[in-house]
Amino acid sequence: MNIESIGVVGAGTMGSGIAQAAAAAGFAVVMIDVSDTALSKARAAVMASLERLRSRGMVDAAAPEAALDRILTSTDYGRLASVDIVIEAASENIEVKGRILRLIEAAVRPDAIIATNTSSISITALAAQLVDPSRFVGMHFFNPVPMMSLVEIIRGLQTGDMQAATARALAERIGKSPIGVRNSPGFVVNRILMPMINEAFFVLREGVASAAEIDDGMKLGANHPIGPLALADLIGLDVCLSVLDVLLKDLGDPKYRACHLLRELVAAGRLGRKSEHGVFQYK
Ligand SMILES: NC(=O)c1ccc[n+]([C@@H]2O[C@H](COP(=O)([O-])OP(=O)(O)OC[C@H]3O[C@@H](n4cnc5c(N)ncnc54)[C@H](O)[C@@H]3O)[C@@H](O)[C@H]2O)c1
């Protein structure tokens, strides 16, 4: 199936990043959110991000305005009626996503593909919320979307071959490098990454080294571009905790139990960069 227009539902960190990357690649984008404030913040974020890329010479002078012109923002799901694919990037909650997916399915053409950017919810379980589950596929982008190359293309039990192939081809046209993944808790990257981040919290709590030294250790000794604790702050400590809880519940192995320190920081509202304080402080 040839994709020309893309709907994005949820105009937060990921939705605005996906909209930006798609518009910059020449696609017409319709971005939906329940909140007008979120939509105007998303437009401002897209503009600021494209301006940064322009000032570094990574896009040409006309690119920011041209990309923004391709993004239509609305609170009306009816605006999705003509798009070829919708990528859901709203809040990480199975009930919320279930409601949103049913609204999307009621709004789009019968042949439109529906994708989700969930980081931890089962693609098979979300597909089961739809009348036509074969049209549903996972497209897991990484944060920040304009900079990160990977997209995990996740097939639920019901995902059709054409829909999975179309999602993969779309990721490539947006300039990303997709990998194919079978639905499984945490998919590939978070299944491997989150236990490492969790272990860094155990090491910190045991006083083996300071936070800065743990991060330096992994940067200098394992050649990681960012330390695990700074990465946790970037992702959001609440997001890390919820992914670990899903891994523990769905895989049933105690090796995925979240470190108590991570739970404490989340309970204290220290969520990372977005709250200006996580493991480290940001001002
Ligand atoms: N933040 C990350 O690093 C990251 C990385 C990969 C995937 N994800 C996944 O992407 C999704 C979005 O995450 P985020 O960090 O952008 O969240 P966010 O909180 O920044 O944004 C979520 C947006 O969804 C909107 N929303 C809520 N209910 C809605 C509805 N009914 N209709 C339309 N919009 C609605 C909210 O108003 C908000 O603007 C989640 O599923 C998350 O797991 C996040």
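Quick note: numbers below take in every heavy atom, side chains included, and nothing from hydrogens, waters or symmetry partners. Note that ligands are numbered from 1 as they come in the structure, with each ligand's atoms numbered from 1 the same way. Nothing fancy with the numbering, it's 1 onward along the sequence.
By the 3.5 Å distance cut-off applied to N or O atoms, His140 is not counted among the residues near ligand 1. Not a single N or O atom of Thr118, backbone or side chain, sits closer than 3.5 Å to an N or O atom of ligand 1.
A salt bridge is absent between Arg191 and Asp250: the closest approach of a Lys/Arg side-chain nitrogen to an acidic carboxylate oxygen does not fall below 4.0 angstrom.
Listed by atom number, the atoms of ligand 1 under 4.0 Å from Gly10 heavy atoms are 24 (O), 34 (N). Counting the atoms of ligand 1 from 1 in the order shown, those under 4.0 Å from a heavy atom of Ile100 are 29 (C), 30 (C), 31 (N), 32 (N). For ligand 1, the atoms lying closer than 4.0 Å to a non-hydrogen atom of Ala38 are 39 (O).
Contact detail for Ala89 and Ile18: the closest heavy-atom pair is CB-CD1, 4.3 Å. Asp84 and Glu4 make their closest contact through OD2-N, 2.7 Å (heavy atoms, listed as atom of the first residue, atom of the second, distance). Between Val29 and Ala23, the shortest heavy-atom distance links the atoms CG2-N, 3.9 Å.
At least one heavy atom of Ser91 sits closer than 4.0 Å to an atom of ligand 1. At least one heavy atom of Lys97 sits less than 4.0 Å from an atom of ligand 1. Heavy atoms of Lys41 come nearer than 4.0 angstrom to ligand 1 in no pair at all. At least one heavy atom of Asp33 sits closer than 4.0 Å to an atom of ligand 1.
Within a 4.0 Å radius of atom 19 (O) of ligand 1, the protein has no heavy atom.
Closest to atom 17 (O) of ligand 1 among all protein heavy atoms lies Thr13 N, 4.7 Å. Looking from atom 33 (C) of ligand 1 to the surrounding protein, the closest heavy atom is Tyr77 OH, 3.4 Å. When hydrogens are left out, the protein atom nearest atom 13 (O) of ligand 1 is Met14 CG, 3.9 Å; that is the closest non-hydrogen contact. Protein heavy atom at the shortest distance from atom 10 (O) of ligand 1 is Asn117 ND2, 3.0 Å. If you check which protein heavy atom lies closest to atom 41 (O) of ligand 1, you get Glu92 OE1, 2.5 Å. The nearest protein atom to atom 21 (O) of ligand 1, hydrogens excluded, is given as Gly12 CA, 3.3 Å; this is a heavy-atom distance.
When the shell of 6.0 Å around NZ of Lys274 is examined, it contains more than 12 heavy atoms from other residues, nucleotides or ligands. Heavy atoms of other residues, nucleotides or ligands lying less than 6.0 angstrom from CZ of Arg43 number more than 12.
Residues Leu53 and Met147 form a side-chain contact, since some pair of their non-hydrogen atoms from C-beta on lies under 4.5 Å apart. Side-chain contact between Leu261 and Leu265 is present, with at least one heavy-atom pair separated by less than 4.5 Å.
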Assess whether side-chain contact (heavy atoms from CB on, under 4.5 Å) is satisfied between Val151 and Ile174, documenting all intermediate values.
CA-CA 10 Å; Val151 181; Ile174 296 178; over 6 Å; no

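Residues passing the side-chain hydrogen bond (donor to acceptor under 3.5 Å, both in side chains) test with Asp111 are Arg109, sequence neighbours excluded.
With Ala90, Ala89, Ser119 as candidates, the residue nearest to atom 40 (C) of ligand 1 on a non-hydrogen basis is Ala90.
Under 4.0 Å from ligand 1, not a single heavy atom of Phe142 appears. Contact annotation for Val9 and ligand 1: only side-chain heavy atoms (C-beta onward) come within less than 4.0 Å of the ligand.
Between the side chains of Asn183 and Ser122, at least one donor-acceptor pair of N or O atoms lies under 3.5 Å.
In terms of modelled atom types and a separation under 3.5 Å, the side chain of Thr159 and the main chain of Phe136 share a donor-acceptor contact.
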